[in-house]
Amino acid sequence: MSVVKQKTGKVSPKNGQLSEKIGMLLQKREISLAILLVLFALCLSIATPNFLQVANFRVLLQGMATDMMIAIPMCISLIAGNIDFSGGSALCLNGAICALMLNQGLPVPLAILIGLTSGFLLGGLNGVIINKLGLTPLVATMGTWMAYRGAALVMLGGGTLSSFPESFLVLGRATILGIPVTIIYMLVIVVVGILVLKYSNFFHNAYYIGSNKASAKLAGINVERFTVITYAITGTIAAFAGIILSARLGSCSQNAGESLEFRNVVALLVGGVSMDGGVGSVLGAMLGVVLMQMVGNAITLLYLNASYTKVINGCILILAVGLDVMLKKKKAKA
Amino acid sequence: MENTAIKLKSITKVFPGVRALNQVSFEIKEGDVHCIIGENGAGKSTMIKILAGVQGCDEGQVELFGTPVHFKSPEDAKKAGIGVVYQELSNFMHLDVASNLFAGAVPTKRGRIDYKALYQSAREILDACGLDYINERADMNTLSLGSQQMVEIAALMHENARVVILDEPTSALTQVEVEKLFELIHDMKKKGVTIIYISHRLDEVVELADALTVLKDGEHVATMPMTKEITKDDMIRYMVGRDVAYEYGVGTSEIGEVLMEVEHLSSGKAVSDISFELHKGEILGIAGLEGSGRTELLETLFGWRETTGGSVKLHGREVSIRNPYDAKKNRLAYITKERKILGLFLNLDIRQNIAAASTERYVQGGTVRYGKIAENAKKYIAAMSIKCSGLAQKVLNLSGGNQQKVLLSMWLSADPDVVLIDEPTRGVDVGAKAEIHLLLRDVVSKGKAVIMVSSEMPELMASCDRVMVMYEGRCTGMLNNKELREERLMTMASGYTESPQ
């Protein structure tokens, strides 16, 4: 909704070309958001000396890794008009399945494989429900969001699972060239996400499906298959994030991934993905997640009450989307 | 080229309670422009849906180039070479033109989307269709409706569609765009494409058709080659089954005192310095091309658009109308041209729709009297002869003409003095058209007044006491009914002001 592609460079008048170009650039959500982030970082570095520290950046990036990994497939899904609320619960449930398998003494690769497979299937189930029962994505994934969280609570019996083998823990704790491996996972997923959305025909179809589902079907795009596969990918990546989180923390808690889905939906909307589909980019989604995390980071660094995070995130959402609607109205009137 | 492109053999389609198509058989020759006409409810849309694979038929057989076909989905029909441009366009409006042209078949190179090839071939396709003015990188939703339609047609040409169905393609186009469309149709014909053209505008049928099929109430009336001998009156007789008056009662209502005075009214660039008087008992037409400020003038009068200058007097008293609420208080009514989007409540029933603009009238002693709402609705259903299954029918399921009558009833229930109406008969069939015009005449004969915007010159000439012509927001002329000639209106609508003579 927000990425207004203005490619009329040839016809734009000569007078005031520069200001017009700047205006166009600012209408691109990715650019305005990046500028906002830089300003925010500048303010923070002035407000507290603790911000511009390598240690803080490590904390910030590691903290956002879980959200970010899941946000990327969620973004592709939402561009096609398929919102996914089940990500946080899928993370917890599949992490728990993997943890249970480990505690049963299964070899590490097999336990992980089982966790990822259940993530794939439970994620794909969202798509099947939407296709076969005809539910809207919102209702379908609200249902699985609640059910998966409940199933995880049952499995964990109200407690946490721990005492995993060392060969498992290293998957979340190792560093490569001094960079924590979780940050590397995150970067890989972001880069792959950007590339497939732009260059892979299958994923690029998200724009067609989100813009006009019926026409996309008519154009011979297999919308149902796309829906199942993208939900399955979100489920798999959520499972992966859950497994890695268990490895990094050394335990699997029933609160893992709590309210991640809401944070991510807000991040996507702030990042310029339209709730109705058809518009958005992985880059925007990524910047949205970064903004959400930086707000949390700022609150910690400034010793504020952590409960303010949600208030601020809520305000950001309303401001960002509200500004968008206002700009569009103004454009429509002009 | 005398091959048969499409052969329909006793096609029957039954919906609960309605026989939409009954034993319809006819042939369409390859390379022809075959026009299909008929009133709303004649079965045209059902026939398109069957040809396009949206619906199956209950009985009968469709043959495409000599082979029997059974389309189970729109994809099947598309693969067989049938392309449809629907009245409500169905493109990807968030995406750019090139992406629309290549929907579902984006060029790839080594498994990657080849953007260079995408834009280059899009450019070539557009140029080949003579659409050099459309930028392949422009987002679809920044184009005019006409241009969007051209892109949809270009996409069909690119997909090598052998049969192209155009459903009411000109209902939202400007004159220039219509000409462009006709050029494109002639181009397609040269390439041997068969075109099925559905339109209410009989002038277009006369201009384009090689052959003509008339449907009425689901029955096939006639299929014939189009010759010079076939006149519009003949077509109307076939469609309606009787002669329809092309005379909507101009001069039958008494023109009374001045009801509304508009002086130097402006709204930004869209409406500039418009002045006129409107009398009781008068229908004032507003002619002009799309974008000439006709609709914007009505919007300004109704407070939907900001007034930036000038004044409006009602009953000799100056009024300030800043929003539709003010307008309604001053007893104005506004019926927009987009009745489905802006006007009707499609998911509500007839009763609720008719009551929507006059809800305060049905309150007695602080509570809503549903009996009164039903009573009022019944009165209008009878007075306007709205064809429906009952008060509880959803407006969504009514035909275009009946929807328009419901909308008219809604506003007349509010008892307005001045009715502003935009394209009163867009998407309405010939029979209902006459009824709507006679209803409007009936409204003004009770001492009210109507301001009517229309793109159809014959409609204006047959129904308006006076016509004001607009061009680029300005008034370029005011003509009495007796002075109305189509050429004169066109000249003024193109911006030439006649010297007062």
Side-chain angles (χ1 to χ4, degrees), chain A residues 1-12 24 27-28 78-81 192 194-226 272-281 328-334, chain B residues 52-54 73-79 82-86 88-115 118-119 133-143 152 155-156 158-159 267-270 296 299 304-306:
Chain A
M1 215 193 285
S2 59
V3 191
V4 184
K5 279 182 272 170
Q6 288 273 4
K7 287 167 182 164
T8 43
K10 279 181 218 159
V11 263
S12 65
M24 281 175 192
Q27 284 196 347
K28 281 205 168 205
L78 186 56
I79 290 173
V192 170
I194 291 175
L195 289 180
V196 295
L197 189 58
K198 177 139 198 204
Y199 290 110
S200 143
N201 212 342
F202 177 82
F203 290 101
H204 188 73
N205 281 340
Y207 288 103
Y208 285 109
I209 296 169
S211 179
N212 189 332
K213 210 174 210 172
S215 295
K217 274 187 193 163
L218 192 58
I221 295 168
N222 193 332
V223 176
E224 299 202 335
R225 195 172 63 133
F226 177 93
V273 184
S274 160
M275 196 79 171
D276 306 322
V279 180
S281 73
K328 251 201 340 204
K329 260 193 202 158
K330 216 175 156 190
K331 228 182 124 204
K333 275 198 176 165
Chain B
V54 177
S73 67
E75 288 95 318
D76 287 353
K78 200 177 156 189
K79 270 182 210 141
I82 297 185
V84 190
V85 177
Y86 291 98
E88 264 113 47
L89 296 175
S90 54
N91 50 52
F92 304 96
M93 65 165 193
H94 304 100
L95 308 187
D96 58 22
V97 170
S99 301
N100 268 278
L101 287 172
F102 286 91
V106 180
T108 53
K109 202 159 88 183
R110 278 178 255 118
R112 290 174 39 182
I113 294 177
D114 188 349
Y115 284 94
L118 172 69
Y119 288 113
Y133 56 92
I134 295 179
N135 184 346
E136 72 277 13
R137 288 172 188 270
D139 277 354
M140 207 65 169
N141 54 12
T142 62
L143 301 184
E152 287 197 21
L156 293 178
H158 163 61
E159 287 156 10
S267 173
K269 280 181 197 153
E296 290 77 1
E299 286 176 352
W304 185 250
R305 174 180 282 273
E306 199 187 349

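A, B, ... follow the sequence lines: proteins, then strands. Residue 1 opens every chain.
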### Task
Could you grab the distance from atom CD1 of B:Ile113 to atom CG of A:Leu197, nearest 0.5 Å is fine?
8.5 Å
### Task
Mind checking side-chain hydrogen bond (donor to acceptor under 3.5 Å, both in side chains) for B:Ser73 and listing every partner two or more places apart, or none if nothing turns up?
B:Glu75
#### Entry: Choice from A:Asn222, A:Ile221, A:Asn201 maximising heavy atom contacts with chain B below 4.5 Å
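Heavy-atom pairs under 4.5 Å are most numerous for A:Asn201.
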### Message
I need the full list of side-chain hydrogen bond (donor to acceptor under 3.5 Å, both in side chains) pairs touching residues 208-218 of chain A, with sequence neighbours left out, sorted by first then second residue.
### Response
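Matches after skipping sequence neighbours: A:Ser211-B:His94, A:Asn212-A:Ser215.
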### Query
Any donor and acceptor pair, going by atom type alone, linking the side chain of B:Tyr115 with main-chain N or O of A:Lys198 inside 3.5 Å?
yes
### Query
What part of B:Asp114 gets closer than 4.5 Å to chain A, counting heavy atoms only: side chain, backbone, both or neither?
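Nothing of B:Asp114, per the 4.5 Å heavy-atom cut-off to chain A.
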